[in-house]
Structure formats: C-alpha cells, structure tokens
There are 2 protein chains.
Amino acid sequence: MHATLRDANPPLTRSVEDYLKAIYHLSNQGGFAATSDIAAMLEVAPPSVSGMVKRLSETGLIEHVPYRGVQLTAQGRRAALKMIRRHRILELYLTQQLGYDWGGVHAEAEQLEHAVSDELIERMAGTLGNPQYDPHGDPIPTAAGEIEEAELVSLAEAGVGAKLELRQVGTQDPARLRYFAEQGLTPGVLLTVTDRQPFNGPTTIALVPSGDPRVVGRELALLLWCREVPVEQHGHASH
Amino acid sequence: MHATLRDANPPLTRSVEDYLKAIYHLSNQGGFAATSDIAAMLEVAPPSVSGMVKRLSETGLIEHVPYRGVQLTAQGRRAALKMIRRHRILELYLTQQLGYDWGGVHAEAEQLEHAVSDELIERMAGTLGNPQYDPHGDPIPTAAGEIEEAELVSLAEAGVGAKLELRQVGTQDPARLRYFAEQGLTPGVLLTVTDRQPFNGPTTIALVPSGDPRVVGRELALLLWCREVPVEQHGHASH
DNA sequence: TCTGAAACTTAGACTAGTCTAATCTTTGCC
DNA sequence: GGCAAAGATTAGACTAGTCTAAGTTTCAGA
C-alpha cells in the first residue's frame with residue numbers, strides 16, 4: 001500500500017552526474033567514449049567504469065557496445081548538458097559576483113553543480129543577464145538543454161598542429177595539480193600540439209609564445225581541457 | 001610505500017555532517033541527544049543511528065553512553081558549528097543577494113552547506129558585511145567556531161507556556177511539508193505551548209494571535225524548530 | 001520490588017560505489 | 001593469418017549507509 005515500488009525516475013547521484021559529463025565530453029563528435037578514457041578522466045579504475053556503465057545503460061542514460069565504448073542517449077545527453085550549464089553559470093557567477101579568479105573557480109563549481117537547484121541556477125543566470133557564452137567564448141547550454149557546438153577537447157584528442165588554449169584541469173589531486181603548475185600548464189596558457197606518439201603514447205606540445213616544449217602522457221593529457229583557438233587569436237567570435 | 005595508510009583525518013561525509021548538526025541541536029543545553037530523537041530529526045530508522053553513532057564515536061566526534069545518548073566532543077562541536085555557520089550565511093546570502101524568500105531558502109541551504117568551500121562562505125559573508133546575526137536574530141557562529149548562545153529549540157523540547165516563533169521545518173518530505181502548511185505551521189508564525197502529554201506524547205499549541213489550537217505528535221514536533229520569543233516581541237536585541 | 005512497555009542495540013541483508021586480480025576480446029603488426 | 005599486448009569485462013571483496021526483525025536494557029508505576 002505505501003511506497004514500496006522502485007522509484008521510476010530516481011534522482012541522479014553525484015557519481016552518475018560525473019560519469020555523464022565525462023561521457024559527453026569524450027564522445028563529443030558523435031563517437032564512442034572508451035572505458036579507459038572515462039576511467040582516466042574521473043580518476044577511477046577501469047572496472048569501476050564497467051560497473052557504472054552497466055547501471056547507466058540499464059536506466060537508459062547511455063548505450064553500451066561491449067568492448068567498443070558508450071554513447072549518451074537523448075536522455076543522458078540532456079542530463080549532461082544540464083550539468084554543463086550549471087557548471088558554466090556557477091563559474092561565471094563566482095568570478096563576476098564573488099571575486100573568484102579563474103584558477104580557483106573550477107573546483108568550487110565542480111562541487112556546487114551537484115548541489116544547486118534549478119531555481120538557484122536560473123536566479124544566478126538572471127543576475128548575470130542570462131549569458132549565452134562564458135568568458136572564454138564557450139557556449140552555455142540553455143535551460144532546455146540546447147547548446148551551440150564548439151566544445152572543449154582534451155589535449156589527448158587534439159590533432160597535431162592544433163593551437164589550443166588550456167581551459168580546465170580536470171583533477172583535484174594535489175600532486176597532479178602541483179605537477180601541472182610546475183610545468184606551466186595552468187588555465188589560460190596557449191599551446192600548440194607538435195607531436196603525438198601512436199599507441200596512446202604521449203603528446204608533445206609547445207607553449208606559446210615561449211616555444212618551450214612539454215611531453216604529456218595520455219593519462220595526464222586527458223585531464224587537460226582545451227579550447228581550439230581560431231587563427232585570429234583575440235576576443236571570441238561574436239555570434 | 002605509496003599512500004596505503006588509513007587517512008588520519010578523512011573529510012566528513014554529507015551524512016556525518018547531518019548527524020553532527022542534529023546532535024548539536026538536540027543536546028543544546030549540554031545534555032545528551034537520544035537515539036530516537038536523532039532518528040526522527042533525520043528521518044531515518046533508529047538502528048541507522050546506532051550504526052552511525054558507533055562510527056562517530058570511533059572517530060572521536062561524539063561520546064556515546066549506551067542506552068543514554070550521545071554528546072559532541074569539542075571536535076564534533078566545532079564541525080557542527082561550522083555547518084551551522086554555513087547554513088545561516090547561505091540563507092542570508094540567498095535571500096539578500098538572490099531574491100529568495102524565507103520559505104524556499106532552507107532546503108536550498110541544506111544541500112549547499114555540504115558542497116561549499118570555506119573560501120566561498122567567507123566570500124559570501126564578506127559580501128554581506130560579515131553579519132553576526134541572521135534576519136531572525138539568531139547568532140551566526142564565527143569562522144573560528146564560536147557562537148553566542150540562544151539557539152533554536154525543537155517544539156518537542158519547549159516547555160509549557162513558552163512563546164515561540166517557528167523558524168525552520170526540518171524535513172523535505174513533501175507530504176509532511178504539505179501537512180504542516182495546511183496546519184498553518186510555516187516559518188515565521190508565532191505560537192504558545194499550551195500543553196504537553198507525558199510519555200513522549202503530543203504537544204498542544206495555540207497559534208498567535210488567532211489562538212487556534214493545534215496538536216502535534218512528538219515525531220512531528222521534533223521537526224519544528226523554534227526561537228524562544230522574548231516578552232517584547234519585535235526586532236531583535238541589539239547586542 | 002517487580003514488571004511491562006518504551007527505547008536502544010545487535011544481527012543480518014541490501015545498494016551504490018569503489019578496488020584488485022583474473023579472464024576475455026580486439027587489434028596492430030610481422 | 002596468427003599472436004602478443006592493450007583494452008575491456010567479470011569475479012570477488014570492501015566501505016558507508018540504509019533497512020527490518022529480533023534481542024537487551026532501562027525505568028515508571030503498581
């Protein structure tokens with residue numbers, strides 16, 4: 001008589017939200033996201049991903065082709081875009097209204113995006129004048145879950161010759177953050193991909209304008225989220 | 001060689017934070033908090049509380065006297081006050097900066113208090129001018145974990161004759177929220193305790209100024225957080 | 001002082017999420 | 001075309017947190 005039925009549409013857990021976001025970023029051009037890449041991005045072991053993938057495809061958020069990878073369903077994509085909208089609005093709000101700098105804002109938004117309500121996000125968006133782009137020119141998905149394309153690519157996916165601006169460092173592991181900082185790999189830095197080894201080997205990049213080279217293993221490269229910089233380098237395209 | 005050691009001071013989980021807050025509120029006058037009261041306040045079953053109590057006393061956050069109840073240690077109290085500071089600053093920020101009304105603010109703060117960083121709270125506090133009292137006159141703990149006394153009491157603890165202002169409804173269960181609203185028991189309402197049955201029986205109250213009576217069972221009364229109203233009724237004491 | 005009801009704890013099961021170790025697929029290369 | 005290595009999955013264990021059912025302890029009142 002009372003609610004013993006399984007909840008038809010349970011709220012997504014924090015973990016599920018993180019997986020959906022990672023899969024969205026990794027399968028951006030309509031392809032499949034690989035288990036090991038998801039694992040590297042979320043800093044969990046590959047079997048953890050296999051387990052979660054099973055649960056997510058049972059609930060209809062992703063499609064899984066064993067040994068191939070996963071793709072978001074329409075429902076999963078909607079959920080992922082919702083998280084991305086939250087993340088970008090939070091980043092914008094924290095920098096513009098609370099004096100954060102772009103260095104510290106990512107980790108904070110990463111936590112808050114799981115806790116805020118839709119109402120709060122829309123109030124923040126309103127305060128900011130319902131922005132359509134974040135300060136780096138990336139589009140913010142609408143509340144209805146639509147987004148203009150032109151997304152972040154992880155350094156591990158970028159082609160040789162690409163000119164990139166480092167935007168986000170997708171880890172909170174202090175040792176790694178320290179390492180990246182030592183290498184001069186902090187958000188805002190410009191770089192060019194000069195070489196990529198096969199077999200998921202390291203990517204070689206050159207910092208711009210200094211030209212200093214860096215070699216970044218695939219696992220670390222997956223944590224470095226970049227925007228492809230158009231040929232003319234300043235400002236953002238005025239859509 | 002690498003970090004296999006148990007983390008000496010692991011971060012508190014969301015659940016632990018909620019237990020500490022509940023215990024703080026229930027043992028306010030230096031007494032013990034009872035298992036069943038914690039259970040009612042957090043809307044979990046009593047054995048869940050016993051289990052958590054065991055973990056919390058092993059980590060030194062509370063003292064447990066079996067069959068008696070629990071008390072916060074200094075460390076536990078510090079953690080609880082930190083959460084209460086977060087909660088009150090969030091409520092203040094959401095109402096003053098983002099146009100929330102006092103009805104909707106509690107649930108939002110309840111989620112956010114687990115996700116915000118210390119830095120964000122201090123930035124919000126700074127924006128608000130480092131307030132010492134919330135809009136109802138309750139003191140906000142300092143960042144160092146000090147608080148002026150005069151706290152919220154649950155309706156279940158208030159003495160007969162007490163004049164109270166309902167401040168928070170400590171549940172998110174829609175059915176209960178609807179019930180309370182139907183009874184006119186929403187934050188801000190004034191009431192007097194007219195009777196209390198023994199054996200953990202119901203509390204009878206009268207709404208002020210209408211005088212309408214209400215009978216509230218102990219389990220529900222534990223969810224109604226009130227401020228004791230001084231004889232002169234308006235404004236808050238200007239400490 | 002005894003006793004029964006209320007309150008508390010223990011026992012045991014379940015879920016979500018994580019891990020390591022072992023096994024199975026796929027694929028690039030000779 | 002076969003094979004080794006990379007990558008993916010399965011197997012099995014663990015933790016935190018929850019629950020219900022069953023047993024203990026406490027204490028108010030007769």
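Keep in mind that the numbers below use all heavy atoms, side chains included, and drop hydrogens, waters and symmetry copies. A note on names: the letters A, B, ... follow the listed sequences, proteins ahead of strands, and every chain is numbered from 1.
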Query raised in the report: What residues, two or more places apart in sequence or in another chain, satisfy ring pair (Phe, Tyr, Trp, His ring centres under 6.0 Å) together with His106(A)?
Result: His87(A)
Report task. Just jot down the ring pair (Phe, Tyr, Trp, His ring centres under 6.0 Å) partners of His64(B), sequence neighbours excluded, or say none. Result -> none
Query raised in the report: Whole Å only: how far is the CG atom of Leu56(B) from the P atom of dT9(C)?
Result: 13 Å
Report summary line: Numerically ordered, the residues 45-52 of chain B set in heavy-atom contact under 4.0 Å with DNA chain D is Ala45(B), Pro47(B), Ser48(B), Met52(B)
**Report entry** Short side-chain N/O contact to dA8(D) OP1/OP2 from His64(A), under 4.0 Å
**Finding:** no
Query - For atom CG of Asp18(A) and atom C1' of dT18(C), their distance in whole Å - result: 14 Å
Query raised in the report: From dT18(D), dA7(C), dA8(D), pick the nucleotide closest to the side chain of Ser36(A)?
Result: dA8(D)
Report task. List for me each residue that meets salt bridge (charged side-chain N to carboxylate O under 4.0 Å, His left out) alongside Glu219(B), sequence neighbours excluded, and say none if there are none. Result -> Arg176(B)
Cut-off 3.5 Å, no hydrogens considered: what does the side-chain donor-acceptor table look like for residues 51-59 of chain A, sequence neighbours left out?
from, atom 1, to, atom 2, distance (Å)
Ser57(A), OG, Val53(A), O, 2.8
Ser57(A), OG, Lys54(A), O, 3.2
Thr59(A), OG1, Arg55(A), O, 3.3
Thr59(A), OG1, Leu56(A), O, 3.1

Query raised in the report: Taking atom types as modelled and ignoring hydrogens, do the side chains of Arg14(A) and Gln111(A) form a donor-acceptor contact shorter than 3.5 angstrom?
Result: yes
Requested in this report: Evaluate the ring planes of His25(A) and Trp225(A), with Trp represented by its six-membered ring, and classify them as parallel (under 30°), tilted (30 to 60°) or perpendicular (over 60°).
Outcome: tilted
Query raised in the report: When Watson-Crick pairs (N1 to N3 and N6-O4 or O6-N4) and G-U wobble pairs (N1-O2 and O6-N3) count only below 3.5 Å on both distances, what is the dot-bracket string of DNA chain C, with | for other-strand pairs?
Result: ||||||||||||||||||||||||||||||
Query raised in the report: salt bridge (charged side-chain N to carboxylate O under 4.0 Å, His left out) with Glu91(A): which residues, sequence neighbours excluded?
Result: none
Query - Phe32(A) CZ - dG7(D) P separation (whole Å) - result: 18 Å
Query raised in the report: Would you say Tyr67(A) reaches dT10(D)'s phosphate, i.e. side-chain N/O to OP1/OP2 under 4.0 Å?
Result: no
Report task. Go through the structure and list residues passing salt bridge (charged side-chain N to carboxylate O under 4.0 Å, His left out) with Arg123(B), not counting sequence neighbours. Result -> Glu119(B)
Report task. Mind calculating the distance between CG (Asp37(A)) and P (dA6(D)) to the nearest angstrom? Result -> 16 Å
**Report entry** Rounded interatomic separation in angstrom, taking CZ from Arg14(A) and C1' from dG17(D)
**Finding:** 16 Å
Report summary line: Arg68(B) CZ to dC8(C) P, in whole Å, measures 11 Å
Report summary line: From the candidates dG17(D), dT9(C), dT18(C), the one with an atom nearest any side-chain atom of Ser15(B) is dG17(D)
Report task. Under the salt bridge (charged side-chain N to carboxylate O under 4.0 Å, His left out) rule, collect the residues that match up with Asp118(B), sequence neighbours excluded. Result -> Lys82(B), Arg86(B)
Report task. Take atom CZ of Arg55(A) and atom C1' of dA16(C), then tell me their distance rounded to the nearest Å. Result -> 6 Å
**Report entry** Interatomic distance where NZ belongs to Lys54(B) and C1' belongs to dG12(C) [whole Å]
**Finding:** 14 Å
